[in-house]
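What follows is a set of notes on a single structure, which appears directly below.
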Amino acid sequence: MLQIRDIIWGLLFIGCAAAIQVEIIPTQGEISVGESKFFLCKVLGDAEDIDWYAPSGEKILPNRPDIFVSQGDGTTSTLTIYHANVDSAGIYKCVAKNGDKEAQATVQVKIFQKITFNSAPSLQEFSEGDNADIVCDVVSSPEPTIIWNHKGAKIQTAKDVRFKIMDNGHLQIRGIKKTDEGMYNCEARVMARGEIDFRMIKVIVNVLPTVRARHSEVNATADIGSSALLACDADGFPEPTVTWTNNNIVLETGDKYSLNEDGSELVIKNVKKVDEGDYTCIAKNKAGEKAEEVSLNVFVQPKITYLNNQTASEFDEQVTLTCEASGDPTPTISWSFENRVFTEEGEQASWTRPDKYESFDRNIVVRSHARVSSLTLKNVQFTYAGQYLCTASNSIGQDTQHMYLEVRYAPKILGSVTAYTWEGNPANISCEVKAHPRASVLWFRDGFQLPTANSTGMMIYNTPTISYLEITPDSQNDFGSYNCTATNVMGTESKEFLLIQADVPSAPEIQKVDPFSSSAVVHFEEPDSMGGVSIMKYRVEWRLPGQSWTGREYDAKDDMTKITIADLKPETTYEVKMSAINGKGEGESSLSSTFKTEPVREPSAPKLEVKVHNRGNSLKVNWIKQDDGGSPIKHYLVRYKAKHVSDWKPVIRLPYGSEYVVLSGLDWNTEYEVHVVAENQQGKSEPGILSFRTASEPTNIPGLGTGAIVGILIVVFFLLLVGIDITCYFLNKCGLLMCIAVNFCGKVGPGAKSKDMEEGKAAFTKDESKEPIVEVRTEEEHNTNQEGGGPTEPNETTPLTEPEPAAADTTSTVVNLFPSTATNSVTESFSTAQSSPASESTTLTISASSPTKSGLLKDNTQPDVGPLVDLSDTPKVPPLSNPSLPISEPVSPPPANVDGPQSHCDPVKAPDSIQNKDLQVDGPTKDVPSALCTDSTAPAQNDGKTVKDDNTKGETELKNATAEVKTVPNEAPQTNGNESKA
């Protein structure tokens, strides 16, 4: 392409010869606002000057900042337009001069505006209900076309009149709603250039908060340390913030107030009266704020603020008691004295209209004025004295306080003026005195103060309110009038008392007799005259006509009008009479009355009563036996049921003499009916009927029930036993764990083996299937075994327990004990065998040889054998498995020290078994008793005498021989492969 152009220029140059030609590259230009562009002016020919001219015709100077001209190699010049704007548009001219020759070329520069979004915020917020103006400012040249899209569709303003595209390209939404919220697309297009651009705008519709108080009024009580809760619920978008104000002061969490996390709940602590008022709940967000008021009403419990004791004298004109109280609502004040209540009548008193209450006798007047009440007592009487109670109450509560009215008055003598007694019986004349201050009391008779010097049988006892004159009459002269005189600072009063001689009561009157088969009920009236003293007893006597009277005394009771006599015969005629007895004596008997008992019949119905037994749903039903119908009662029949059901519980039969039955496991809060029937040979009585209701079921108290407590105690007790058992296992080698270790595991307790080795007592093996054999062996056999290559004797360094060389060897190793230790060793071996729970097979050797390895003396003589031990007192062994074997004879070891004290062992009786020269016994080890050894102070007698066995009546004498006693299993082979040696 470049070559073709050069050719064209060459041709033009040749054609034009010396003419100047100017060319601007590019020939035209379009520049976007803000962009930069250059134009090259190229001259063909010789040119002295190349200049550029602006559209205004002015020559463009080199120093302009927006347009820059630079000269090339004399044939080119460059025009550069920087940051073009609309003013940069126009025709630019390039002029080349060479002397008088001139050539020029022009280029038209067009400036256009690209689509530019000057203002289109990506997030625009509006309040619900507002006319929203969604801003999208776009500029371009030519002006762009604006299209709005929402939810993927073009907004059709013709279809929804709420939407309108403004002249400036903004989108207007009238009365915007929450549903209009979302993403909007503002799209700009320039059709001439096919240019398009858009902006996404997020529209958020904020909703004005709504606020609602949970309770428009809240009531609280002051001065009791309580709190008040004020709450409101707010809604809106975005989530509103909630604040509380009181008297235009914002409340914050502190000592007095506390707010929850979102501020919707305000707690006022320790409410006081000053906290009363209106509190405002304000909810605020971007859309605005709303407020709601909550009223706090603070009530104050009544409190009596003034009440004092008063003092008055009898017959004063009046005394006024005043009581003042505070509280909100205004409290009502009332007065009470003993069982009487004084209060104002009508409506609540106010500051302007006091209330007034007058008693019927107009001696008591109550006046109330607002928070003050007065109680006026007119014509003061001594009976007005005492404790008065002022009570202030309103709808919140009440307060009570006491005051005491002290009335000073002259003595008042009260009480009965007559007293009855008889000669020799002391009587008290009571002079009860009421007076304030306390009065002094004196007794007089015939003008003389008592007691006189000549009076006998007379004493005076004084209490704060009563003076007693005790008189024991000796004769008729002691009866008569006595004077009681009481005196204090207010005055004096006297009263005469009469001491009258008492008499026996008159006869009671029998009204009727209700006979039964074996009893009768006597109805009577009390005597007309009591004789001055109360009746203590009644005597009732009855008899068969013409026979002697049989009687019984019955204690008198208040309003007693009938007495039941028992043990009567059926169908028999009786006479009955009765008399009354008082302190003076027995009065006359009444006229006798005749009645006839009824024939033998069924018993009368028992009389029932019920009592709660232990718990509320267990009841004890008692009954009182009535007439048995002339035949002994055989038994009682009890049945019961709940009243709301028809089926009776099974009948309970109780023997004669029973007086109650306990009904357990009843339903709570249920009404029951109980029938009790007495039965004799004639039949059944009518049922005694009783109805009752059980108590309501008690509410379970939070916490552990009885079952849970018992379970915990059982677990604790079990753990305690386990702890004790473990302790016994490790310390004493006994207990349940020890038994398990021995019987199931074949092991002994920890430390048992080492302990026995240290003490040198015994080692034991376990074989449950074997029974021990006690073997008595002489020195000869022992020597023979040794000479035949048997096991060597253990010395002090030989271990007590070692594994057997062959399992088939069932003979335990025989251990020789030195004479100096033989006796103690026997004792320890038996003792260990008895006490150790793991011992079932024990090897025991008793050696009487001298302390030489072979058991022989140096002169080849054998020492004398000590006396045999009498085993006749040994506990007997159970029957043997082989009863045909003969009974063995015991052998005693020689004394350890002939000259000194020896160890004496209790005799041990060997089981019945003899074979060759050995004594063998079959039997369990546990049946062989342990030998109890004690030290004896008597010297041992080693004279070779024979010791007799009382049980076997045989004698055995072993001389110059060593006796060995060995216990070995009676069956071979040894299964555990180990043996314990002692």
Side-chain angles (χ1 to χ4, degrees), residues 29-37 55 64-67 80-90 109-209 236-241 283-290:
E30 289 187 355
I31 307 175
S32 175
V33 174
E35 292 183 351
S36 299
K37 196 168 186 177
R64 288 186 61 174
D66 54 341
I67 300 176
T80 304
I81 301 175
Y82 291 100
H83 307 296
N85 54 39
V86 293
D87 296 333
S88 302
V109 177
K110 296 180 180 180
I111 305 299
F112 69 91
Q113 175 70 53
K114 291 176 63 177
I115 296 175
T116 303
F117 291 89
N118 291 332
S119 177
S122 61
L123 177 64
Q124 300 185 35
E125 297 185 44
F126 306 95
S127 296
E128 187 178 34
D130 291 350
N131 292 331
D133 185 10
I134 305 176
V135 176
C136 184
D137 291 334
V138 185
V139 295
S140 73
S141 56
E143 289 187 0
T145 300
I146 305 299
I147 300 174
W148 285 89
N149 297 286
H150 178 51
K151 296 181 180 178
K154 181 179 179 181
I155 296 177
Q156 302 291 337
T157 57
K159 293 182 178 180
D160 192 343
V161 297
R162 295 189 308 114
F163 291 85
K164 181 181 179 181
I165 299 177
M166 310 296 289
D167 294 338
N168 57 3
H170 296 187
L171 175 64
Q172 184 186 64
I173 305 176
R174 298 185 183 92
I176 193 169
K177 302 176 183 178
K178 185 67 177 175
T179 55
D180 297 329
E181 193 173 65
M183 298 300 298
Y184 286 78
N185 183 6
C186 176
E187 184 179 290
R189 295 184 179 185
V190 177
M191 300 302 294
R193 292 191 302 272
E195 185 181 0
I196 185 172
D197 198 0
F198 65 89
R199 290 291 184 269
M200 296 300 296
I201 300 174
K202 183 178 182 179
V203 175
I204 295 178
V205 179
N206 296 323
V207 181
L208 187 69
F237 187 86
E239 186 73 21
T241 58
K284 184 177 182 180
N285 65 4
K286 294 180 179 180
E289 67 177 38
K290 285 285 186 179

Q.
Does this structure show an ion pair linking K37 with E35, if we count only N-O contacts that are shorter than 4.0 Å?
A. no
Q.
So which atom in P209 and which in A283 form the shortest heavy-atom distance, rounded to 0.1 Å?
A. CG-O, 3.7 Å
Q | Shortest non-hydrogen contact from S140 toward R193 | A | CB-NH2, 4.3 Å
(Q) Using a 3.5 Å distance criterion without hydrogens, assess whether the side chain of E30 forms a donor-acceptor pair with backbone atoms of F112. (A) no
Q: For residues K151 and T179, report the shortest heavy-atom separation together with the two atoms involved.
A: NZ-O, 3.9 Å
Q | Closest non-hydrogen atom pair, V109 against S88 | A | CG1-O, 4.2 Å
Q | E181 side chain vs V205 backbone, donor-acceptor pair below 3.5 Å | A | yes
**Q.** Over 12 non-hydrogen atoms of neighbours within 6.0 angstrom of NZ in K178
**A.** yes
Q: Look up atom CD1 in I173 and atom CG in N131, then write down how far apart they are to the nearest 0.5 Å.
A: 10.0 Å
Q.
Give me the atom names and distance for the closest heavy-atom approach of P238 to N206.
A. CD-OD1, 3.3 Å
Q. For T116, does its backbone N or O pair with a side-chain atom of D197 as donor and acceptor, under 3.5 Å?
A. no
Q: Would you check, one step at a time, whether the test side chain to side chain contact (heavy atoms under 4.5 Å, CB included) holds for H170 with Q172?
A: CA-CA 6 Å; H170 296 187; Q172 184 186 64; over 6 Å; no
Q.
With heavy-atom distances below 4.5 Å as the criterion, would you say the side chains of L208 and E128 are in contact?
A. no
**Q.** Evaluation steps, side chain to side chain contact (heavy atoms under 4.5 Å, CB included), between D137 and V139
**A.** CA-CA 7 Å; D137 291 334; V139 295; over 6 Å; no
Q.
Rounded to the nearest 0.5 Å, what separates atom CE in M166 from atom CD1 in I134?
A. 12.0 Å
Q: Assign the ring pair W148 / Y184 to parallel, tilted or perpendicular, where the plane angle (0 to 90°) is split at 30° and 60°.
A: perpendicular
Q) Just wondering, are more than 12 heavy atoms of other shown residues or ligands nearer than 6.0 Å to CZ in F163? A) yes
Q | Gap separating the CG atom of D160 from the CD1 atom of I155, nearest 0.5 angstrom | A | 9.0 Å
Q. Given side chains that start at C-beta, do those of P121 and I201 come closer than 4.5 Å, heavy atoms only?
A. no
Q) How many angstroms lie between atom CD1 of I147 and atom CZ of R189, to the nearest 0.5 angstrom? A) 4.0 Å
Q | CD on Q124 to CG on D133, rounded to 0.5 Å | A | 8.0 Å
Q) Hey, what do you get for CD1 (I176) to CD1 (I204), rounding to the nearest 0.5 Å? A) 11.0 Å
Q: Apply the test side chain to side chain contact (heavy atoms under 4.5 Å, CB included) to residues H150 and V203: give CA-CA distance (whole Å), side-chain angles for both, the deciding distance (0.1 Å), then the verdict.
A: CA-CA 10 Å; H150 178 51; V203 175; over 6 Å; no
(Q) Looking at every heavy atom in both I146 and A188, which two are closest together, and how far apart are they? (A) CD1-CB, 3.9 Å
Q. Can you check whether F117 reaches V138 side chain to side chain, under 4.5 Å on heavy atoms?
A. yes
Q) Is there a donor-acceptor contact under 3.5 Å from the side chain of N185 to the main chain of M200? A) no
Q: Just jot down the side chain to side chain donor-acceptor pair (under 3.5 Å) partners of K154, sequence neighbours excluded, or say none.
A: none
Q. Mind checking whether P142 and V190 have side chains closer than 4.5 Å, heavy atoms only?
A. yes
Q. More than 12 foreign heavy atoms under 6.0 Å from CD of E143: is that the case here?
A. no
Q.
Within the 4.5 Å heavy-atom criterion, are I111 and N85 side-chain neighbours or not?
A. no
Q) Would you say the side-chain atoms of R199 pair up with the backbone N or O of C136, donor to acceptor, closer than 3.5 Å? A) no
